[in-house]
Amino acid sequence: MKTGIIGGTGFYDPGLLENEKELMIATPFGDIQLKSGYYHDQQILFLPRHGEQHSVPPHLVNYRANIWALREAGAGVVLATAAVGSLNLEMQPGEIVLVDQFLDFTKSRPVTFYEGGEDGVLHVDVTNPYCTSVCRHLKETAEGLQIAVHDKGTYVCTEGPRYETAGEIQMFQMLGGDLVGMTSVPEVVLAREAGLCYATLALVTNYAAGISPHPLSHQEVVEVMGRSQAVLRRLIFA
Ligand code: HPA
């Protein structure tokens, strides 16, 4: 079984792969280019969610094509990285959170592979949307590597591409959110529909709007991600 990696903001190259090749996978939602390579004897498939140049905004990512392509190419497990803002003062910039729940505040995205007609209708169970066995494995691996991780956190997914207002962040705190980002939904849901074992390694890049002492910027997110990328990569590849 191959492992897929979806690289989020600031994680545009898998690194560490041998015999790297580009694959073009046709899907009903468009063609997707993947990198394929080996880490020891494990075949890895890599896909940068926003494109290598961060040219696709979160609300326009072709989530269905990405997940379809990973499954078509043989992925059974998918590890996704995600830059997130933190609403929870215990989850600090630079720290990794293994997300276990989401709250969906997206508005305009295709959310399913099953649109009726020949495809039928599917009401998929997402009681625990992120793959619990892979999350457990990630937690144990992190402990072995002495990498501190938070082993749960609720990810609030906003539509973007703008950041949030301070008022929205207060509301998300009241609702029990820990982290805010723009991409986990529908990605995790589609992965579940596709039968993939999917986990998100969220990297806190900033405190969320109104908690951060300064206005948010994409540059800050990319810089913090750049500093933390190596540890994230170490955990994923281990
Ligand atoms: N809000 C939404 N998405 C994000 C943030 C944020 O504060 N930081 C990184 N991605």
Side-chain angles (χ1 to χ4, degrees), residues 1-39 42-84 96 98-99 102 106 109-113 129-131 134-135 138 155 157 160-161 181-203 205 221-222 225-226 228-230 232-238:
M1 192 189 286
K2 300 170 194 170
T3 299
I5 301 173
I6 299 179
T9 298
F11 199 99
Y12 304 116
D13 190 279
L16 304 180
L17 293 188
E18 288 180 354
N19 287 331
E20 209 174 275
K21 291 193 186 73
E22 301 282 347
L23 303 179
M24 189 62 86
I25 311 285
T27 84
F29 309 100
D31 294 351
I32 292 293
Q33 197 172 331
L34 298 177
K35 280 198 171 105
S36 158
Y38 283 85
Y39 181 71
Q42 175 70 44
Q43 192 173 354
I44 309 285
L45 302 162
F46 179 82
L47 179 61
R49 184 185 290 120
H50 301 277
E52 277 175 9
Q53 313 293 329
H54 200 96
S55 54
V56 187
H59 64 298
L60 296 180
V61 168
N62 195 343
Y63 296 99
R64 290 192 294 191
N66 287 351
I67 294 294
W68 190 288
L70 285 168
R71 186 182 56 181
E72 187 73 21
V77 170
V78 174
L79 304 178
T81 76
V84 292
I96 296 172
L98 304 175
V99 177
F102 69 72
T106 63
R109 309 170 178 196
V111 293
T112 179
F113 290 116
Y130 301 87
C131 183
V134 168
C135 288
L138 281 166
Y155 179 120
C157 194
M182 305 177 190
T183 55
S184 201
V185 184
E187 196 170 87
V188 60
V189 177
L190 293 165
R192 176 58 59 86
E193 284 190 353
L196 301 176
C197 191
Y198 172 101
T200 290
L201 296 95
L203 191 283
T205 54
V221 169
V222 173
M225 196 63 179
S228 307
Q229 223 188 91
L232 211 46
R233 189 171 277 121
R234 210 149 64 83
L235 176 54
I236 288 173
F237 279 86

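- Contact annotation: the side chain of Thr81 never approaches that of Leu203 to less than 4.5 Å [non-hydrogen atoms, C-beta and beyond].
- Under the rule for a side chain to side chain contact (heavy atoms under 4.5 Å, CB included), the partners of Ala191 that lie at least two apart in sequence or sit in another chain are Ile67, Leu196, Tyr198.
- Here the side chains of Leu79 and Phe237 are not in contact, with every heavy-atom distance at 4.5 Å or above.
- In this structure, the side chains of His50 and Thr183 come closer than 4.5 Å at one or more pairs of heavy atoms.
- For residues 22-35, the set of pairs meeting the side-chain hydrogen bond (donor to acceptor under 3.5 Å, both in side chains) definition, not counting sequence neighbours, comprises Glu22-Gln33, Lys35-Glu52.
- Residues passing the side chain to side chain contact (heavy atoms under 4.5 Å, CB included) test with Gln43 are Lys2, Ser36, Tyr38, sequence neighbours excluded.
- At a threshold of 4.5 Å between non-hydrogen side-chain atoms, the residues Phe113 and Pro28 do not count as touching.
- Val188 is not listed as a side-chain neighbour of Val99, based on a closest heavy-atom distance of 4.5 Å or more.
- Distance CG/Leu98 to CG/Leu235: 7.0 Å, rounded to 0.5 Å.
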For residues 5-20, tabulate all N or O donor-acceptor pairs below 3.5 Å that involve a side-chain atom, not counting sequence neighbours.
| unit_1 | atom_1 | unit_2 | atom_2 | d |
| --- | --- | --- | --- | --- |
| Tyr12 | OH | Gly10 | N | 3.0 |
| Tyr12 | OH | His54 | ND1 | 2.8 |
| Asp13 | OD1 | Gly15 | N | 2.9 |

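- The distance from the CZ atom of Phe29 to the OH atom of Tyr63 is 15.0 Å, given to the nearest 0.5 Å.
- Taking 4.5 Å as the limit, every side-chain heavy atom of Val189 sits out of range of all side-chain heavy atoms of Thr112.
- In this view, Gln53 satisfies the side-chain hydrogen bond (donor to acceptor under 3.5 Å, both in side chains) rule with no residue, not counting sequence neighbours.
- Residues meeting the disulfide (SG to SG under 2.5 Å) test with Cys131, sequence neighbours left out: Cys197.
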